[in-house]
Amino acid sequence: MSVRVRIAPSPTGNLHIGTARTAVFNWLFARHQGGQFLLRIEDTDLERSKSEYTQNIMEGLKWLGLDWDEGPFYQSQRLALYREKIQELLDKGLAYRAYETPEELNAMREAQAARKQAPRYNNQHRHLSAAQIEAFEAEGRQAVIRFKIEDDREIKWHDLVRGPVSWKGQDLGGDMVVARAAALGAAGGDVVGQPLYNFVVVVDDADMAITHVIRGEDHVGNTPKQILLYEALGMAVPIFAHTPLILNEQGAKLSKRDGVTSVGDFQEMGFTAEALANYMTLLGWSAPDAQELFTLAEAAEQFSFERVNKAGAKFDWAKLDWINSQYLHSKPAEALLPMLMPYWEAAGYGFDIEADQDWLLPLTAMIGPSLTRLKDCVALGHFFANPTMDFSEKAKEQLGQAGVAEAMQSVLAALQQTPITGVEDAKGLINQVTKALGVKKGLIMRSLRAALMGDMQGPDLVESWVILHRRGFDQQRLEQAIALAHP
Ligand code: GLU
């Protein structure tokens, strides 16, 4: 039987990093097994689901390179099937209508809390008489449909990550709600309202012939309930794999408080899709040969659940940064430039990828090896954004030293005689001025850095000069520096 797995996000927010990591593991397993990877949008919560979140989720998955073979399927379009299956449970006597009001359920929970008992539904409406039902209906109470869970049941499965897992029926919180707001039909027949997650997920996974349910560990407690539903509906139970949670550096579940939750947040911070996808493969899995840099396709070749950890996966920013820098450093300038452009645009630098190629490519080639995150290009590109610079205190100090104004004047004069076309010309010009003035080369270099870059730190000076020259900024900056050196 061919492997079929799925990612089943709820569109109640942007693509979450945890969902993306689950998608990565599903994708790796599907590709390793030559199986299918499906996308199912779990949008039964009509109030919280939004189409812009669905868009964001799909774009995020595509951006990461997680292509799906079937779908997207939308649960909101499959209600007829769920209702049919709920009816089947009712007809088999495995589910029933329960009529407690929210206040009554609250009172039940409070009484349990007072007795120091775990909250659970006490199954009190399991055997209502026809007269009781009639009375509740006449009162206008809204029923829910509850699926019977026997306390003495033991539910076991072999989890591909966690090994043998077993649960007792009595720990599942009593008969579970599988659908909301079910009104009795005109002829007294059941009309099923909104079906709930634990039920629809079972119907869909069975209907879509899912062989392996791979999802986050936070769903472990749902799995025994779902297994009981598979059995009740006479459906084959899939294999389960519950992947470890992603933890922050303090060992708590990664959350909004850590400042990043969605894949878009990481994109904005300047991580590339390849690096983030690569890093996510390592969040709970390791390659047999401890290799750490690979494409998703390469990771898929080696992927197996035997090497997925049970323990939570700590999010390691230093490693993500390292992986990102490896990808950035290996990119040719032609490939990197379009990736930097959005950051420069957002910074308002006004660079034009078409018109400015002659200096944008050398700029990209120069700064590429020092980037950790794409966003770092903003600080480095800043030197090249405007004709003039603000001089830092250190730069002013340098320019104020004896002989600096004359030296910069000589550079400017030489530049007006022979414009520089490349790094060799610039070096030649520096040597020429150094010799003519009989000063130390270091003085010229430091002064030029102060004059051209406005600061004593920054990217390679000679390469920067060539770029500034192509932009037509270098003479202006030299003039500005000379004026400053000669108040
Ligand atoms: N919609 C659920 C979620 O986003 C899916 C869980 C599952 O994979 O069964 O967590």
Side-chain angles (χ1 to χ4, degrees), residues 3-30 35-51 53-58 60-61 64 66 68 70-79 82 85 155 157 159-162 165 167 172 176 178 194-230 233 235-246 253-256 261-263 280 284 305 308:
V3 159
R4 287 170 66 81
V5 298
R6 81 320 189 254
I7 184 73
S10 306
T12 53
N14 288 331
L15 177 59
H16 190 274
I17 185 76
T19 308
R21 201 280 306 263
T22 303
V24 167
F25 280 21
N26 273 281
W27 189 96
L28 294 175
F29 185 68
Q36 262 94 48
F37 173 55
L38 285 69
L39 171 62
R40 183 172 72 226
I41 303 295
E42 303 212 319
D43 57 350
T44 49
D45 184 341
L46 297 175
E47 268 158 42
R48 291 172 59 227
S49 297
K50 292 212 170 81
S51 62
Y53 293 141
T54 302
Q55 277 311 316
N56 176 280
I57 289 166
M58 294 206 282
L61 293 172
L64 288 166
L66 301 168
W68 54 92
E70 290 176 31
F73 301 104
Y74 293 89
Q75 287 188 326
S76 56
Q77 294 169 7
R78 297 167 56 80
L79 287 171
Y82 310 139
K85 294 294 171 189
I155 305 105
W157 77 91
D159 197 284
L160 289 187
V161 177
R162 309 172 68 80
V165 185
W167 281 73
L172 297 179
M176 69 186 268
V178 287
Q194 191 64 35
L196 299 188
Y197 162 73
N198 270 313
F199 180 76
V200 291
V201 78
V202 166
V203 173
D204 277 348
D205 283 339
D207 188 59
M208 295 173 189
I210 297 302
T211 56
H212 296 72
V213 170
I214 303 163
R215 60 184 170 200
E217 191 190 289
D218 43 335
H219 284 288
V220 169
N222 289 323
T223 300
K225 298 177 186 175
Q226 293 177 13
I227 290 175
L228 291 176
L229 283 166
Y230 281 104
L233 292 166
M235 293 163 160
V237 180
I239 293 167
F240 292 95
H242 289 93
T243 56
L245 294 181
I246 305 176
K253 192 178 164 184
L254 193 75
S255 73
K256 279 210 177 79
T261 44
S262 77
V263 164
M280 284 193 288
F305 279 104
V308 174

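Counting starts at 1 for both ligands and their atoms, in listed order. Predicted, not measured: the structure shown is a model, and the values here were computed from it.
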Quick note on ligand 1: atoms under 4.0 Å from a heavy atom of Y197 include exactly 2 (C), 5 (C), 6 (C), 7 (C), 9 (O)

For V201, the ligand 1 atoms with a heavy-atom partner under 4.0 Å come out as 9 (O)

With sequence neighbours left out, the residues meeting ring-ring contact (aromatic ring centres under 6.0 Å, His included) with F199 are none

Report yes if the distance between the aromatic ring centroids of H212 and F25 is under 6.0 Å, otherwise no. no

Taken to the nearest 0.5 Å, the spacing of I210 CD1 from Q36 CD works out to 9.5 Å

Does A8, backbone or side chain, put an N or O under 3.5 Å from an N or O of ligand 1?
yes

The protein heavy atom nearest to atom 8 (O) of ligand 1 is R6 NH1, 2.7 Å

A student checking ligand 1 against E42 at a 4.0 Å heavy-atom cut-off should list atoms 1 (N), 2 (C), 5 (C)

Whether R78 engages the ring of Y74 as a cation-pi pair (distance to the six-membered ring centre under 6.0 angstrom, angle to the ring normal within 45°) should be assessed. no

Sorted by chain and residue number, the salt bridge (Lys or Arg N to Asp or Glu O under 4.0 Å) partners of R215 (sequence neighbours excluded) come out as none

One should read off an interatomic distance between R6 CZ and R40 CZ, to the nearest 0.5 angstrom, of 5.0 Å

min-distance protein heavy atom vs atom 10 (O) of ligand 1 -> H219 NE2, 2.8 Å

A student checking ligand 1 against R215 at a 4.0 Å heavy-atom cut-off should list atoms 7 (C), 8 (O), 9 (O)

